[in-house]
Every structure is written in structure tokens, then in C-alpha cells.
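What's counted below: heavy atoms across the whole structure, side chains too, no hydrogens, waters or symmetry copies.
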Amino acid sequence: MTPSRESIEHQAVSAYRKHFGATPLTVASAPGRVNLIGEHTDYNEGYVLPAAIDRATAVAAGPRDDDRLVMNPGSSQDESFALSRLYPSEQRTWTDYLTGVASMLQNRGGVLRGANMYVHGNVPRGAGLSSSAALELAAALALIEMNGLTVPRVETAKLCQQAEHEFAGVKCGIMDQFISCLGMRNHALFLDCRSLAFEHVPLPHGVELIICDTGVKRALAGSEYNRRREECATGVRILSSKRGNITALRDVSPGELQESRGLLDPVVLRRCMHVVTENDRVVRSAGALRAGDLSEFGKLMYDSHLSLRRDFEVSCPELDLIVDLCAGSDGVYGARMTGAGFGGCAICLAKEGFTGGVIDRLNAGYRVKTGRKPSVYVCSIDDGARATRLATHSVNNQEN
Ligand code: GLA
């Protein structure tokens, strides 16, 4: 059984007590996510429809008298950094997410005191479920709470995204940090990535969400991701030189792109085609979800997967296999890869009561074709990040 959010937080607090010999001042936690639909649209100022999942990272934190951030002492990952000299590590390690967030809070004018931190979580790493956003958000909320800062939620998500750009070197969009920060139990989040206006859309009763992890690590994710981003930007540059009013692919409809297809080289055209059609699918999916029309929603999921496979070229044979196995199972509405791609996870929406059959079919079919066992589970949709104060302490730091 998946441990509850409380139990993840509790384990972070216990480990903190054990290693630092004191009770932390605060414990914060933030979930991983799946994206129901709207892939590679966020950095094109389009729409996304993610949901926070019941896998989370917790950070227990308490103050120190010096200016150091000390993380997970006693583990093989023991690390310590001076707040006055925070920079990305050369080897790119997990601590970059925490130091990145601390650095962004300082850039914003927050005065941070030294902190002891213990990180514990169960969002699988490298599986495309946004373990990095979960870590960033948990660290941000812990530091905000511990230092008595006031940072609005949307701004917190944005500064975590900035940390990922500057400290992890991935020019990600806003989706992962936004949903990890602002997710709601049993709801998907329909987000306009240009205005950042959002709506929580309830998931209808009687539907279950299955996650299937291919176990294929996303080795190329960083470099290929940045390349896709550049290809989209190239499309925008060319299209806007011929027609005004285009600052992002968000401003182009599928029909308009068809009319201008002669301007773009074939690869850039396919990348742009995915994005503009995907935006359209997200808007229609949100409508289908509001109307409780899961058959329509499922069709749009399959279309999204095909577009990611053929036009955006971020799928892989294992993800395609899972989607095919789902499509042939009873009680399935739809399935697709989720997240950046190049491996990682696929998701499947199925009727309640049918998930056992789908999971058996996935386990068996995947093993026959690949010789490996996928990791498959039914997940529930959880709340976004939260911080809890545990002990009374006087905190004098103020934001400038
Ligand atoms: C990663 C990024 C997101 C988004 C997805 C693809 O998860 O962090 O910003 O671009 O890929 O939709």
C-alpha cells in the first residue's frame, strides 16, 4: 500500500530528530504529478491538465546558528553549503534543487538563516513523475515557513521553476511546479500557462487512474527537451516574421499552421503541429471532463499520444507498447505517455472495477515483449504542497 502523506512527513521528521538531535521547526511536503493531457504545451504558453498524485517528498527543517544549509547528514548523500555562496554543482546532483530554491528566495530579497534539513520521499526518480518539482516545492515551503517569509503560491511555483532552469539546467515550463504547489485532491488542474489562470476540474466518480512505469530512464530528457524547446522557438520566429501577433505557438491555430506549412522545414513543422493540435485537445478535454464525458476524454488521450509519437517524437517503443496494451483492454477510456517522454511513465484512465484486469494484461504483455516487468499501480489524486509548523520558535527574519 502507498504510504500516506502524513507518514512520509513523519518519516522525514523522525530522521531529522535522529540525525540532528532536535525537533524540526517545520515539515513541508509536495506531491509528484501526472499530466492527463497537454504535453510540451506549457513552454509554448498553451494549456495543460495535470493532477497531483499520492507520491510525495517531505523536507523537515530547523534553524542553525551559522549560514549553512546542511542536508541529510549521516546518509551517503550528506551535503553542506554556505548560503552566501550558492551555485549549481558541476556533477548536477539532487542537492541542486534545494540550493537552487534557497538561492531564488534570496534573490527575491528573502533573508534566510542557516538550516538543517532532512529530505525523505517516495516519488520515483527519473520516471517522469516530477520528483524534482516535488523536492523544489517541499524545500521552498519549508524555507518560507522556517524564515517567516510571505510568498504567494503562484510566485512560489515560479521561483521553483527558475531554480530548475538555473541550477538543474532544464528549461522546463511551469506545469510541474504549478501542479505540485496548487493541486487539489480528486481534481485535475486546467491551467492557462500564459495568464496562469487556473481551474480545478473534478474527476468524475467511477474512474481510476493507472500509472505504468516503463522503467526506461530518461537519459536524454534534458538535452532533447531543450532541443524541442528550440525547435518550437524557431517555428515561432519564422511564423511571426510572416504574420504579426505571434509571440508563442499558443497564438497559432491548427488551420493557420496548415496555411503556413510551406514556410517551415519538415521537422519544425511537425513539432509545431503537435503543439497547436495538443492545445486544442486540452481545451476540449477540459470540456469533456466538466461534462463527465470520459469516452471523449479517452479519445483525446489516444490522439495526444499519437501526436507525441509521430510529430513531437518523444515517445519510445515501451511507452507505445503500454498504450497499445491499454487500448486492447476492457474498461479503458484512454491512455497516453505522460510528462516529457523519452521513457518514464504512461497513464491509463479505466472504469472502476476493471483496473485489476488492465494491470494483469499490462504486466503479462510487457513481460512477453520486453522481458521486463513494468511497475504498475492505481494512484489517487492528492492535494498540492503544504507546510506544518511543529515547534514554537522566534523567527526575526523579514523579507526586504
Ligand atoms: C517536463 C517539464 C514540463 C513540461 C513537460 C512536458 O515535465 O518539466 O514543464 O514541459 O515536461 O509537457
Side-chain angles (χ1 to χ4, degrees), residues 2 31-41 46-55 128-129 175 179 182-192 198-213 274 277-309 315 319-339 344-363 365 374 376-384:
T2 313
R33 64 99 189 87
V34 291
N35 187 16
L36 298 182
I37 194 161
E39 224 62 85
H40 292 274
T41 45
Y47 302 99
V48 291
L49 193 66
I53 58 171
D54 53 357
R55 303 277 165 134
L129 298 176
M175 171 171 71
I179 183 65
L182 287 128
M184 187 190 271
R185 181 167 298 212
N186 295 332
H187 288 68
L189 185 142
F190 177 50
L191 172 66
D192 176 340
F198 65 95
E199 173 196 350
H200 288 114
V201 186
L203 237 72
H205 291 294
V207 63
E208 302 226 74
L209 177 64
I210 301 170
I211 297 183
C212 184
D213 186 348
H274 163 71
T277 56
E278 183 81 346
N279 269 329
D280 187 50
R281 283 187 286 271
V282 184
V283 174
R284 288 195 284 143
S285 300
L289 208 55
R290 283 186 210 103
D293 186 348
L294 289 166
S295 305
E296 173 65 9
F297 193 91
K299 275 191 212 122
L300 291 162
M301 288 176 83
Y302 288 128
D303 290 349
S304 166
H305 185 80
L306 199 62
S307 175
L308 287 157
R309 174 155 81 84
S315 187
L319 287 168
D320 299 340
L321 171 62
I322 289 165
V323 171
D324 286 348
L325 289 166
C326 290
S329 303
D330 288 341
V332 167
Y333 293 111
R336 57 183 290 279
M337 54 157 274
T338 192
C345 293
I347 51 167
C348 167
L349 280 190
K351 262 186 213 145
E352 204 175 352
F354 284 80
T355 48
V358 178
I359 290 174
D360 288 347
R361 189 177 152 82
L362 282 172
N363 278 325
V376 192
Y377 45 92
V378 176
C379 95
S380 55
I381 296 188
D382 208 351
D383 286 322

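Under the side-chain contact (heavy atoms from CB on, under 4.5 Å) criterion, Ser329 pairs with Val332, Val358, Arg361, sequence neighbours left out. Remark: His40 pairs with Tyr43, Tyr225, Phe312 by the ring-ring contact (aromatic ring centres under 6.0 Å, His included) rule, at least two apart or across chains. Partners of Tyr47 under the ring-ring contact (aromatic ring centres under 6.0 Å, His included) rule, at least two apart in sequence or in another chain, are Phe190. Applying the ring-ring contact (aromatic ring centres under 6.0 Å, His included) rule to Tyr377 yields no partners; only residues at least two apart in sequence or on another chain are considered. For Thr41, there are no side-chain hydrogen bond (donor to acceptor under 3.5 Å, both in side chains) partners two or more places apart in sequence or in a different chain.
Annotation: side chain of Ile37 is in contact with side chain of Glu278 (closest heavy-atom distance under 4.5 Å). In this structure, the side chains of Leu362 and Cys326 come closer than 4.5 Å at one or more pairs of heavy atoms. By the 4.5 Å heavy-atom criterion applied to side chains, Lys351 and Leu294 are not counted as neighbours. Side-chain contact between Cys345 and Val34: absent, with no pair of heavy atoms (C-beta onward) separated by less than 4.5 Å. By the 4.5 Å heavy-atom criterion applied to side chains, Arg33 and Ile53 are not counted as neighbours.
With hydrogens and angles ignored, the 3.5 Å screen pairs a side-chain donor or acceptor of Thr338 with a backbone N or O of Asn35. Between the side chain of Arg185 and the backbone N or O of Gly384, no donor-acceptor pair lies under 3.5 Å. Although no hydrogens or angles enter the test, the distance criterion places no donor-acceptor pair under 3.5 Å between the side chain of Arg55 and the main chain of Thr2. Glu39 places a side-chain N or O within donor-acceptor distance of the main-chain N or O of Gly339, the cut-off being under 3.5 Å. Put simply, the side chain of Arg281 never gets that close to the backbone of Gly38: no donor and acceptor are under 3.5 Å apart. Judged purely by atom type and a 3.5 angstrom limit, His305 has no side-chain atom pairing as donor or acceptor with the backbone of Asp303.
When every heavy atom of Val323 is checked against every heavy atom of Ala335, the shortest pair comes out as CG1-O, 3.9 Å. What you find for Leu321 and Gly365 is that their closest heavy atoms are CD2-O, 4.4 Å. Counting all heavy atoms, side chain and backbone alike, Ile179 lies closest to Ala51 at CG1-C, 3.7 Å. The minimum heavy-atom distance linking Val201 with Ala286 is given by the pair CG1-O, 4.5 Å.
The distance from the OG atom of Ser380 to the CD atom of Glu208 is 9.5 Å, given to the nearest 0.5 Å. Atoms CG and OG, on Leu306 and Ser315 in that order, are 10.0 Å from each other to the nearest 0.5 Å. Here the CG atom belonging to Leu319 is positioned 9.5 Å from the CG atom belonging to Asp213, to the nearest 0.5 angstrom. Summarising the geometry, atom CD1 belonging to Ile347 is positioned 12.0 Å from atom CD1 belonging to Ile322; distances are rounded to the nearest 0.5 Å.
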Next item on the list: Evaluate the criterion side-chain contact (heavy atoms from CB on, under 4.5 Å) for residue pair Leu209 and Leu349; output intermediate values, then yes/no.
Entry: CA-CA 5 Å; Leu209 177 64; Leu349 280 190; 3.8 Å; yes

Next item on the list: Please report the C-alpha distance between Leu308 and His274 in whole Å, then the side-chain angles of each, then the deciding distance to 0.1 Å, and finally whether the side-chain contact (heavy atoms from CB on, under 4.5 Å) criterion is met.
Entry: CA-CA 7 Å; Leu308 287 157; His274 163 71; 3.4 Å; yes

Next item on the list: Report the C-alpha distance between Leu203 and Leu289 in whole Å, list the side-chain angles of each, state the deciding distance to 0.1 Å, and finish with yes or no for side-chain contact (heavy atoms from CB on, under 4.5 Å).
Entry: CA-CA 7 Å; Leu203 237 72; Leu289 208 55; 4.1 Å; yes

Notebook entry, point to check: For Asn279 and Val283, what are the C-alpha separation, side-chain angles and deciding distance, and is it a side-chain contact (heavy atoms from CB on, under 4.5 Å)?
Noted result: CA-CA 7 Å; Asn279 269 329; Val283 174; 5.8 Å; no

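Listed by first and then second residue, the side chain to side chain donor-acceptor pair (under 3.5 Å) pairs involving residues 287-296 are Glu199-Arg290 (not counting sequence neighbours).
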